[in-house]
Amino acid sequence: MLKKKMDWVDWVCVIALGVFALIIMIPFFNVVMISITSQKDYLNSTFLVIPRHPTLQSFKRLFEDGRIWSGYKSTLTILTIGMPINVFLTYCMAYGLSRKGYPGRKIIFGLVLFTMIFQGGIVPLYLLMKSLNLTNSLWSVILAYGVNTFYMILVKNYIESLPDSLMESAKLDGAGEWMILFKIILPLSKPILATIVLFYSVDRWNEWYNSMIFIRKQNMFPLQLVLRNIVINSEMAGNVTSASASMQGSQFTMGLKMCAVIMTMLPIMCVYPFLQKHFVKGIMVGAVKG
Amino acid sequence: MTAQDLRRGKKKSLAENARHTCFSVWKHRQIYVILFLPVLWYIIFAYIPMAGLQLAFKDYKANLGIWGSPWNGLENYQYVMRDPAFFKAIGRTLSINLLRLVFVFPFPVMFAIMLNEIRFPRYRKFLQTVMTFPNFLSWVIVSSILINILSFDGMVNGLLSLIGLETVNFLGSEKLFQPLLYMTDVWKSSGWNTIIYLAAITGIDQSQYEAAEVDGASRWQRIVNITLPNLLPTIIIMFILTTGNLMSAGFDQIFNLNNSAVKEVAETLDMYIYRITFQSAPDFGFSTAVSLFRSIVNMILLVLADRGSKAMGGNGLFA
């Protein structure tokens with residue numbers, strides 16, 4: 001590879017993409033630096049914040065504040081209950097639709113696809129949750145997101161790409177649908193299941209809109225909504241145009257805010273580099289199969 | 001055979017058909033059991049809300065509920081037509097999304113071609129990991145980071161004052177709001193969107209490149225004359241699919257970058273619906289009317305995009 005000399009195409013690509021990667025990474029670096037810096041160092045620095053006296057003061061204040069913990073509690077509840085429900089429903093639907101030759105298949109598939117292009121919108125959904133007495137309960141958030149039809153089609157395509165002969169021979173041996181589903185298809189579907197577990201987990205972790213609509217109690221807010229309250233809402237409430245927005249009172253709010261950002265993205269940041277190929281693989285399955 | 005016989009024969013076959021269907025349903029009963037829960041979910045959380053769209057033609061009364069509220073014909077739409085903010089919101093949505101096609105859409109194509117040209121596997125892998133990562137952060141997080149680096153004492157203004165320029169109020173400027181949308185969009189999702197193009201590049205027949213090399217074509221010529229033409233179908237299909245989202249797209253982003261200083265220019269159709277739905281004295285009939293309008297327009301656009309993509313030999317919306 002390196003035997004060939006670098007020509008200008010190499011240089012342009014290496015540098016342009018390198019710059020873009022830096023533009024992506026520097027803000028994260030900045031966030032981390034601010035979270036461990038003191039207010040004094042922050043105000044003295046101009047471009048990049050370099051903490052001369054690193055301190056965990058901001059983190060301490062964030063943890064004492066407590067909102068971040070209740071956010072973690074809600075988000076983990078939604079994730080640990082919601083994600084398995086997502087995966088189960090998606091897998092059952094995908095398996096059912098991958099089977100052929102039973103009455104009603106076409107209608108069911110058509111109605112499922114229709115939800116991809118037409119939705120009822122938030123008002124009817126909100127009123128439904130209210131009539132089910134689910135508002136102000138995490139169940140509203142968990143149940144509002146059940147099957148992501150796009151992921152379901154990924155799984156369905158995957159199952160359909162498995163050799164038919166497997167199912168045929170299982171049927172000849174007298175295996176029922178449940179047997180085929182759990183004993184034959186499930187073990188073979190591990191790669192695609194891993195992918196949708198990841199996708200659903202990320203979706204659940206990043207969820208905020210439904211909870212903002214359905215949940216009024218602050219102590220039930222998921223992490224993203226807590227972050228929104230700490231950073232964005234306070235920014236909107238305080239005057240954005242005021243230069244002292246980051247120094248309200250004697251507290252170093254920007255430090256606190258960046259600690260909240262770190263706490264919110266830490267799990268994804270830690271996990272992503274190791275699981276990146278599974279994310280990519282999953283999306284490729286859908287793209288390649290027609 | 002007489003006509004009567006024929007009719008009888010038909011009847012018989014109908015009855016037979018019904019019996020056959022019942023038998024087939026019974027034979028496949030396990031599949032229906034497997035499908036039961038997800039189908040139930042679709043009915044309750046997708047189709048019942050769709051039925052709730054009837055509110056668009058009703059005068060919603062909280063005590064009567066969706067089904068009990070009285071019909072009022074097209075009255076809600078008459079109100080909508082009289083609200084200038086509605087038309088402004090539509091215009092804004094279209095202009096933002098059309099400009100997204102200009103300023104955001106080309107980046108993944110460019111990045112994919114460049115990534116493909118990088119000959120150091122490790123560097124390439126590193127770039128891919130970095131570039132695809134922001135896609136998995138919520139707009140709440142991205143916007144929070146942006147508030148930090150674009151604030152008055154933030155990084156970008158620090159850099160500007162370091163090189164002797166005036167500081168800029170990025171987040172509170174109506175003029176800069178749209179460019180900010182495009183830039184953050186590129187920052188967050190263009191890396192991830194390279195994947196589909198990279199896959200298409202991988203699928204290009206290598207002998208084309210070999211033949212070009214024998215003919216003495218430079219790398220630049222190979223990119224322009226082989227990679228790009230081979231990518232064109234994918235580009236066109238992605239372009240058509242993106243136009244399916246002309247009336248939606250970007251609510252999360254705009255909602256989280258919104259603030260009191262830019263709320264005028266930030267009011268797209270989705271934002272308008274959000275505002276009229278959750279304002280202090282909401283009229284659910286009115287907001288559902290707008291929401292139904294949006295859903296129908298979206299559906300038409302998506303179906304057109306799907307047809308267009310299939311006509312180009314692509315997968316369509318449903319992969």
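Residue numbers begin at 1 in each chain, while the letters A, B, ... track the order of the sequences.
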Please test F136(B) against F279(A) for ring-ring contact (aromatic ring centres under 6.0 Å, His included), starting from the C-alpha separation and ending with a verdict.
-> CA-CA 10 Å; F136(B) 294 94; F279(A) 283 98; 4.4 Å; yes
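- A donor and an acceptor atom, one from each side chain of Y42(B) and T149(A), are located under 3.5 Å apart.
- Both the backbone and the side chain of Q128(B) have a heavy atom closer than 4.5 Å to some heavy atom of chain A.
- Within 6.0 Å of the CZ atom in F278(B), the count of heavy atoms belonging to other residues, nucleotides or ligands exceeds 12.
- Under the 3.5 Å distance criterion, with hydrogens and angles disregarded, a donor-acceptor pair is assigned to the side chains of Y272(A) and T132(B).
- The environment of CD1 in I163(B) is crowded: more than 12 heavy-atom neighbours from other residues, nucleotides or ligands sit within 6.0 Å.
- The part of T277(B) that comes within reach of chain A is its side chain, from C-beta onward, which places non-hydrogen atoms under 4.5 angstrom from that chain.
- Only the side chain of S291(B) comes within less than 4.5 Å of a heavy atom in chain A; its backbone stays farther off.
- For an aromatic pair to be called close, the ring centres must be under 6.0 Å apart, and W208(A) with F255(B) satisfies this.
- In terms of heavy-atom pairs under 4.5 angstrom with chain A, the leader among F111(B), W220(B), Y60(B) is F111(B).
- Between Y209(A) and F251(B), a ring centre-to-centre spacing shorter than 6.0 Å is recorded.
- Contact of L128(A) with chain B is made through the side chain alone, with heavy-atom distances under 4.5 Å.
- The candidate with the highest count of non-hydrogen atom pairs below 4.5 Å against chain A, out of T288(B), I149(B), I141(B), L301(B), is I141(B).
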